[in-house]
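In listed order, ligands and their atoms are each counted from 1. Side chains are part of it too, since the values below use all heavy atoms of this structure and drop only hydrogens, waters and symmetry mates.
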Amino acid sequence: MEIIIQPDSQTASHVAARIVARVVREKTHAVLGLATGNTPLQVYKELIRMHRGEGLSFAHTTTFNLDEYIGLSPDHPSSYHVFMNRHLFDHIDVPRERIHIPDGLAADIPAFCRGYEEDIRSSGGIDVQVLGIGTDGHIGFNEPSSSLASRTRIKTLTDQTRKDNAVSFGGEDNVPCHSITMGVGTIMDSRMCLLLAFGKKKARAVAAACEGPITAMVPASVLQMHPRAVIILDRDAASALKKTDYYEWIYAHKPDWQKH
Ligand code: PGA
């Protein structure tokens, strides 16, 4: 794991955006795994700025989102379809037919999930997967106890996640109970995983994921097994880590050719 600690979420997001932009520039048919939630918003803002100001083109890029709530149509204001359009897709040149987000209204969910896995495979696999982390240690909607080998499937949300996401629905009671999410194994197949976390409320989950044991009770901890997992944090999210001095020293002394 490479753990990068930045002074604030904006600087951290710019580091992440540079990593994503480099993949898009260097690989003609790049495949991006994308996340929703508050965490990646500044990354998307920066990618839009690069698109407008630096000619960063997504014309040949394919995207796969991690998850969607079951029961929400793509035009539901709280759906991740609407979220992604508003915060990224409406502002860049990625072709609509290359955008993939799980279908919350799929009639046959297992068949849809198999198809989603097949689409990821046939696109060549995900080059870089952007991830947030839940306060309970989830990645995607892979809640604690998720199999670390799981594939795209239906997942029941924990009370904690429904509480955390209540603001987007005007109250916890309106938050759907189920989601379709890429599995932990699906995420682990990505060539690079880029996990971002900001704020004190993520500090405990980040410490458990990075420095605790690998366990299904903290699904993000499986990233310790990933050959290219980059964890980008602001100081608050890093505040419960034990080895911050070491991580900061490593980043400050990276050879030029390795810099992000
Ligand atoms: P957040 O959610 O970015 O809104 O904090 C992250 C997550 O639940 O994975």
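In this structure, K201 has no salt bridge (charged side-chain N to carboxylate O under 4.0 Å, His left out) partners at least two apart in sequence or on a different chain.
Enumerated by chain and number, the residues approaching ligand 1 to less than 4.0 Å through a heavy atom are G37, N38, T39, G132, I133, G134, H138, K202.
Salt-bridge annotation for E117 and R114: absent, with no side-chain N of the basic residue lying under 4.0 Å from a carboxylate O of the acidic one. D75 has no carboxylate O lying under 4.0 Å from a charged side-chain N of R86, or vice versa, which leaves the two without a salt bridge. By the 4.0 Å N-to-carboxylate-O rule, D189 lies close enough to R151 to be salt-bridged with it.
V230 and Y251 fall within a single hydrophobic cluster, where Ile, Leu, Val, Met, Phe, Trp and Tyr side chains are chained together by heavy-atom contacts under 4.5 Å.
Relative ring orientation between H51 and F58 is described as tilted, the plane-to-plane angle lying within the 30° to 60° band.
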